[in-house]
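Protein chains get the first letters and strands the later ones, always in sequence-line order, with residue 1 at the start of each.
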Amino acid sequence: MPEGLEAAIYASAAAELVEHQITSVEVDERCGDINSLTSLVGDHICGVKRHGKRVALVTECAEVELYFAMTGRLIVNGVAPIAALEYGPANERREWDRLVIETDRGSLRVNDPRRWARFTLDPDWSNLGIDFMSPAQALGGALQTQCHRRCSIKTLLLDQHVIAGLGNMLVDESLFHAGIDPRTSCDSLSSVDVDGLAEHISAVVTELESRGGSHTGTLNPDLRRALAGCPLDGAPLQRMNISGRTTIFCSHHQR
DNA sequence: CGGCATGTTTCGCC
DNA sequence: AGGCGAAACATGCC
């Protein structure tokens with residue numbers, strides 16, 4: 001999905017519909033249960049929630065989770081807050097609309113060519129870790145409790161049960177700034193290392209938020225594709241698969 | 001044209 | 001038991 005930063009952008013766009021009354025719901029049956037979602041008709045949207053990469057519309061009777069997977073785009077009142085999603089389609093086709101909610105004063109659509117989007121009534125978010133925009137101290141605390149694990153630090157950061165909202169780009173960017181090799185086993189990091197990493201995560205999140213999204217980092221998609229030199233000194237970057245995800249890092253500056 | 005892509009879940013194998 | 005890797009999902013883009 002878009003990562004947590006994009007979910008936050010989507011959530012604030014969806015907030016435009018607060019206090020509107022839902023007049024119709026159309027859903028691709030492969031992306032959500034038609035019966036439960038159409039039960040929302042008549043409800044008023046009274047708020048929008050976000051935790052990590054998950055967004056939910058709150059009505060007086062229920063909550064609907066909007067999960068965007070990799071290529072889901074939100075369109076509110078005909079406007080896409082993120083016009084061109086990285087790794088998403090260049091154009092938009094109405095046939096890719098997987099959810100359309102009409103209200104008395106506007107509309108919301110989720111457009112996803114890849115059809116991985118999911119819409120769930122009254123979702124259970126209790127298994128998610130703390131939100132990635134939490135203070136650095138809280139992020140560090142969450143990581144400390146998991147440092148006994150022997151998985152790589154990258155795997156830990158991608159685990160939504162530990163910190164919710166970090167995705168592949170934010171994780172690579174954070175580890176680059178922290179100077180930590182993504183393959184490092186969690187249990188070999190000191191508590192000082194972990195707290196320092198949490199500070200870097202927090203700084204990266206704040207910085208990329210101000211720049212406009214997860215794709216605006218030093219290790220941006222253009223650099224990732226081209227595998228250009230290390231932004232610090234031009235030395236060759238490494239590309240490898242970790243935890244099933246393409247990982248870019250500098251073996252000289254990340255140890 | 002082949003391989004890759006901001007993600008999650010499931011399954012089989014240590 | 002728990003963790004890891006591969007596969008599955010589905011389709012546009014480089």
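- Taking a 6.0 Å sphere around CD of Glu60(A), one finds it holds more than 12 heavy atoms contributed by other residues, nucleotides or ligands.
- Across all strands, Arg115(A) comes closer than 4.0 Å only to sugar-phosphate atoms, never to a base (heavy-atom distances).
- A salt bridge does not link Arg54(A) with Glu63(A): none of the charged nitrogens is closer than 4.0 Å to a carboxylate oxygen.
- With rounding to whole Å, Met169(A) atom CE is found 11 Å from dA5(B) atom P.
- Between Arg239(A) and Gln160(A), the one whose closest nucleotide on DNA chain B sits nearer the 5' end is Arg239(A).
- Atom-to-atom, CZ of Arg183(A) to P of dC4(C) comes out at 16 Å; the value is rounded to the nearest Å.
- When the P atom of dC13(C) is taken as reference, atom CE of Met70(A) falls 14 Å away, rounded to whole Å.
- Taken together through direct or relayed side-chain contacts under 4.5 Å among Ile, Leu, Val, Met, Phe, Trp and Tyr, Leu156(A) and Leu189(A) form part of one hydrophobic cluster.
- Atom pair Ile242(A):CD1 and dA6(C):P shows a separation of 13 Å (rounding to whole Å applied).
- Whole-Å rounding puts the Ile153(A) CD1 to dC4(C) P distance at 12 Å.
- Regarding Asn241(A), its CG atom lies at a distance of 12 Å from the C1' atom of dC4(C), rounded to whole Å.
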query = Passes side chain to side chain donor-acceptor pair (under 3.5 Å), Ser152(A) versus Thr155(A)? Steps please.
reply = CA-CA 5 Å; Ser152(A) 71; Thr155(A) 300; 2.8 Å; yes
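- The residue Arg118(A) sits apart from the nucleic acid: no heavy atom pair falls under 4.0 Å.
- Checking dA5(B), dT8(B), dC14(C) against the side-chain heavy atoms of Thr246(A) singles out dA5(B) as nearest.
- Under the stacking definition used here (centres under 5.5 Å, planes under 30°), the residue Trp116(A) fails to qualify as stacked on the base of dT8(B).
- At dG12(C), none of the side-chain N or O atoms of Thr71(A) fall inside 4.0 Å of OP1 or OP2 (strictly under the cut-off).
- Within the 3.5 Å criterion, the main-chain N or O of Arg98(A) finds no donor-acceptor partner in the side chain of Arg30(A).
- Summarising the geometry, the separation between CG on Leu227(A) and C1' on dC4(B) is reported as 14 Å, rounded to the nearest angstrom.
- The nucleotide whose nearest atom lies closest to any side-chain atom of Pro113(A) is, among dA5(B), dG3(C), dG12(C), dG12(C).
- With a cut-off of 3.5 Å on both Watson-Crick or G-U wobble distances, the partner of dT8(B) is given as dA8(C).
- The side chain of Cys151(A) lies closest to dC4(C) when the candidates are dC4(C), dT11(C), dT9(B).
- Remark: P of dC4(B) and CG of Leu223(A) are 18 Å apart, rounded to the nearest angstrom.
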